[in-house]
There are 2 protein chains.
Amino acid sequence: MTSAPLNIADTSDNTAANAHRDDDQSASELTSSGQEGATAGEEGVRSRKRGAELEDAIRCACVAELAESGYGGLTIESVAARAQTGKASIYRRWPTKQELVLDSLTSMMSGPVMRLADRTYDDTMTTRDALLELLFEVSEFMLGPEGDAMRSMMGESLRDETFTLSFRCDFFDPRKQAVLDLLQRGIRRGEVRTTALDDVVPEMIGGLFIHRILLLRQRPSRPELERILDGFIMPAIQS
Amino acid sequence: MTSAPLNIADTSDNTAANAHRDDDQSASELTSSGQEGATAGEEGVRSRKRGAELEDAIRCACVAELAESGYGGLTIESVAARAQTGKASIYRRWPTKQELVLDSLTSMMSGPVMRLADRTYDDTMTTRDALLELLFEVSEFMLGPEGDAMRSMMGESLRDETFTLSFRCDFFDPRKQAVLDLLQRGIRRGEVRTTALDDVVPEMIGGLFIHRILLLRQRPSRPELERILDGFIMPAIQS
DNA sequence: CCGATAGGGAACGGATGCGTTCCCTATCAG
DNA sequence: CTGATAGGGAACGCATCCGTTCCCTATCGG
């Protein structure tokens with residue numbers, strides 16, 4: 001660790017490993033309460049998930065493994081262990097590691113991404129404030145395990161056509177479009193100069209986040225986001 | 001394979017016998033003693049490199065493999081094959097795959113990076129033009145095999161302390177500093193507003209490149225760089 | 001309560017890659 | 001020319017992981 005005063009969510013303790021980590025994981029469901037329970041357990045927790053519930057747990061475990069160990073480090077066995085299931089149950093559903101990862105990734109990204117793309121802003125909101133909102137949401141997303149998973153896949157997508165495509169379609173494009181829509185809206189409202197409607201804008205914003213959050217692992221505070229927005233983004237686009 | 005016009009040393013022909021090449025590799029050059037006639041071969045090419053020459057060839061092959069196959073896909077055997085040597089010769093020098101990669105990467109990055117960081121600009125050059133020059137050089141670097149190698153390492157550096165550090169120190173920081181120096185110079189010259197001296201600026205520029213070049217694999221033309229610079233970067237920083 | 005279904009666990013054969021070792025040979029110094 | 005040194009090639013043992021198979025058992029519908 002060390003190196004810099006990062007306020008990362010966590011990472012780091014690879015050793016602590018299985019000290020129960022179904023913490024956030026969001027999405028899936030709960031059922032929660034202790035794991036295992038194979039034996040001795042008297043608590044009435046179902047120890048064997050089935051069907052869709054199991055599938056979600058596997059996808060979820062897959063993304064978590066991806067975030068933690070990367071694509072190269074991810075093994076079907078590790079996913080199975082984390083999802084508390086067996087390899088056979090995974091192979092029953094996905095023919096290869098590649099398809100499991102791809103499916104887990106896309107099914108995970110389609111949720112939050114759609115929220116952003118379809119979002120509408122009421123007329124009292126300035127472009128500046130709407131952008132701030134967007135920046136904040138994107139940064140929150142990238143700070144989560146999904147962000148680490150994304151980062152792990154960047155290198156891999158260099159070599160895998162399918163990954164590249166899914167990456168762009170499911171993640172980048174919707175976000176880019178959300179920013180472009182906001183710019184368009186700003187132009188209509190007279191807050192943004194017409195020439196600012198340019199792919200470069202979402203790319204710079206996205207790039208900044210990739211750099212800061214994914215590579216440097218810093219969490220930008222809301223005031224920091226405002227500072228960036230007011231200091232550098234708005235001056236570059238406003239009319 | 002395929003994908004883009006990289007100018008990597010070579011690769012590909014693992015099958016073909018040893019049609020030896022010691023093409024560029026510089027430095028070497030025949031060491032007098034013109035007498036070859038070593039074996040039956042009529043081509044008088046030295047077939048066995050030694051010492052520093054061999055070491056360079058190995059590092060070079062390592063980076064090329066990294067760019068092509070990623071860290072996970074890189075094997076000592078593949079590096080050896082590309083460098084036309086044996087595994088033993090590699091293990092004689094580097095104890096593990098990790099150290100080989102790290103050493104190859106840093107020794108490769110320290111060259112071009114230093115050029116940027118130490119660069120000075122004569123007084124007739126505007127900040128805008130100097131930035132354009134810098135942008136151009138960085139983009140050229142990232143478009144080469146070194147860029148792909150970098151991208152391949154991004155995911156890995158998430159899990160490896162040493163990689164992260166080397167990455168930041170050897171690559172990011174010098175570039176960031178080069179931009180900051182340019183901003184400082186611009187402030188002195190009255191071309192840049194004082195509040196623009198901010199980490200965000202190099203981060204946005206770097207992020208844009210990561211996004212465009214590494215992720216999207218597009219080559220920004222010089223006019224395109226000028227458009228970006230004049231349209232969005234300068235407006236954000238000028239006084 | 002019981003039988004059908006689906007999940008869990010463990011072991012397998014096969015492949016791959018690491019890091020080592022051994023031996024032969026190209027290269028270089030003298 | 002010759003002996004010392006260093007490189008090349010191939011095989012080995014070891015470990016890991018893939019994808020499969022087999023068998024037992026938890027769960028659920030009826």
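Reminder, nothing fancy here: chain letters follow the sequence lines and each chain counts from 1. Since the model is a prediction, treat every value here as computed from it, not as a measurement.
Atom CD1 of A:I76 is separated from atom C1' of C:dG7 by 16 Å (rounded to the nearest Å). Atom pair B:W94:CH2 and C:dC18:C1' shows a separation of 17 Å (rounding to whole Å applied). Between A:Q98 atom CD and D:dG19 atom C1' there is a gap of 15 Å when expressed in whole angstrom units. Regarding A:E53, its CD atom lies at a distance of 17 Å from the P atom of D:dA26, rounded to whole Å. Regarding A:I90, its CD1 atom lies at a distance of 14 Å from the P atom of D:dC17, rounded to whole Å. Per the geometry, NZ belonging to B:K97 stands 13 Å off C1' belonging to C:dG19, to the nearest Å. The nearest whole Å value for the distance from the CZ atom in A:R50 to the P atom in C:dA4 is 15 Å. When rounded to the nearest whole Å, the span between CG of B:L100 and C1' of C:dG17 equals 15 Å.
Nearest nucleotide to the side chain of A:E77, out of D:dT5, D:dC18, C:dA6: D:dC18.
For the pair A:R168 and A:F163, the cation-pi test (distance below 6.0 Å, angle within 45°) is failed. At least one test fails for A:K176 against the ring of A:F171: distance under 6.0 Å to the centre or angle within 45° of the axis.
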- Message: Checking A:D170 against A:S166 for the side chain to side chain donor-acceptor pair (under 3.5 Å) test, could you report, in this order, the C-alpha distance in whole Å, the side-chain angles of both residues, the deciding distance, and whether it holds?
- Response: CA-CA 5 Å; A:D170 295 324; A:S166 149; 3.3 Å; yes
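If you check every strand for non-hydrogen atoms under 4.0 Å, A:L74 touches sugar and phosphate atoms only.
Residues A:G73 and B:R93 each lie close to DNA chain D; by heavy-atom proximity, the contact nearer the 5' end of the strand is made by B:R93.
Here the CD atom belonging to A:E53 is positioned 11.0 Å from the CD1 atom belonging to A:I58, to the nearest 0.5 angstrom.
A donor-acceptor contact under 3.5 angstrom links the side chains of A:S152 and B:R159, judged on distance only.
Listed here is the closest heavy atom pair of A:G72 and A:K97: O-NZ, 4.1 Å.
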Would you tabulate the nitrogen or oxygen pairs shorter than 3.5 Å linking the protein to nucleotides 20-25 of chain D?
{"residue": "D:dT25", "atom": "O2", "partner": "A:R48", "partner atom": "NH1", "Å": "2.8"}

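Using a 4.0 Å cut-off between charged side-chain N and carboxylate O, B:R92 and B:E55 make no salt bridge.
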